[in-house]
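Quantities reported herein were computed from a predicted structural model and do not represent experimental measurements. Both ligands and their constituent atoms are indexed starting at 1 by order of listing.
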Amino acid sequence: MAFCVPLNRLPASEGIFVLRQIVNGGAGRYHVGGYGRVAEVCAEYVTEHGGAFISGDRVRRILVEEGRAVGIATDDAEIRARAVVSNAGIQPTVLSLAGPEHFPPEYVERVSALEPSLAVVGVRYIIDAPVFEAPIILAYSDQSWLDDDRYARLQGGDWPDIPLISIGVPCLFDPSLVPDGHQVAISAVFASPDPTSETSAEAIRRSEVVIDELWPDLRKHIVRTEPYTARQVSRMTRDAVVPGQGGEAIGIAQVIGQCGSTKPDPRTPLAGLYIVGCDAGGRGAGTHQAVDSGFNVAAMVDADLPLKTHERR
Ligand SMILES: Cc1cc2nc3c(=O)[nH]c(=O)nc-3n(C[C@H](O)[C@H](O)[C@H](O)COP(=O)(O)OP(=O)(O)OC[C@H]3O[C@@H](n4cnc5c(N)ncnc54)[C@H](O)[C@@H]3O)c2cc1C
């Protein structure tokens, strides 16, 4: 569940590193305020140090002048900067926001061919009784695992009897999330990252059969359910610009040929444009690699394009 890739192509170097991180760091954590609070704290740091944080706006275009990325355009503004650092995904950034015409053809070819990780889809359950007993629960059989062959069969409709299911119950870390006696739980199963694929709905349906069997009282206590699919994940994270891509959970897949020394370089061939987040510059499980990338790419930008003394605060 930590990798979201077919297991036969997960490199041992990646697997061992991440499993060590999980075991040594304590598996399963909850950030008070939710994971979004981590991003808010980072945004506060930016504004406290003289930067601007603008949310709820879309970058429509990366501005390119004389072979350099010089800023971004939204629907109603242009913002110029010494560097553009994008975590909108390497494929949307290169193929759509900047435009392939600004990159060498072999780079465009490689970026277009990068494989997305699997999608994680599921249901958020809001319930009026303490049904789930642990903050992180995994449900699986010895047939739940996916390699390339089993994933191809799944896409053709031949599913494992029991999909690999993870259930997170964040209110068991932070009771303030729900009224007394209530719970919020989020199920997660693998599906195709293609936002148009029907595997999202089928994965959710199959997970609910297992969940209903394991927790027969659940249905009696449901106040609300909120399913989420690859289409919704794509809307919240990255645009679909390559067939089959968009709803991936952890950016480009951590498979042989796309991670470690073969992972894309955060420095793109377009001067001034950097990729940050899951697709370049970091190592680890999901959010860990995005944060690791953030630190590494910040240092990289500072080394490449140091601020002049009068620009520092
Ligand atoms: C359902 C699900 C469950 C997960 N569970 C876990 C977990 O338990 N543990 C874990 O470690 N990881 C988990 N992950 C993975 C983790 O969320 C990602 O690895 C991480 O968020 C990737 O960070 P990022 O910065 O690369 O991209 P994102 O977090 O996707 O951030 C990209 C941001 O860019 C914005 N954006 C995109 N395009 C534009 C644009 N044109 N203009 C402006 N903004 C734009 C998006 O709105 C988004 O806010 C999960 C992912 C999913 C989908």
Task: Contact residues of ligand 1, where a non-hydrogen atom lies under 4.0 Å away - done: Asp57, Arg58, Val59, Asn87, Ala88, Val120, Tyr228, Val233, Met236, Thr237, Ala249, Ile250, Gly277, Cys278, Gly286, Thr287, Ala290
Open item on the list: For Arg58 and Asp239: C-alpha separation, side-chain torsions, deciding distance, then whether side-chain contact (heavy atoms from CB on, under 4.5 Å) applies.
Closed with: CA-CA 11 Å; Arg58 261 189 89 80; Asp239 295 339; 2.6 Å; yes
Open item on the list: A cation-pi test, strictly: NZ or CZ of Arg267 under 6.0 Å from the centre of the six-membered ring of Tyr274 and no more than 45 degrees from its axis. Yes or no?
Closed with: no
- [ ] Evaluate the ring planes of Tyr35 and His31, with Trp represented by its six-membered ring, and classify them as parallel (under 30°), tilted (30 to 60°) or perpendicular (over 60°).
- [x] perpendicular
Task: N-O pairing of Arg110 and Glu106 below 4.0 Å - done: no
Open item on the list: For the CG atom of Asp147 and the CZ atom of Arg153, what is their distance to the nearest 0.5 Å?
Closed with: 8.0 Å
TODO: Could you label the plane-to-plane angle of the Tyr125 and Phe132 rings as parallel, tilted or perpendicular, counting under 30° as parallel and over 60° as perpendicular?
DONE: tilted
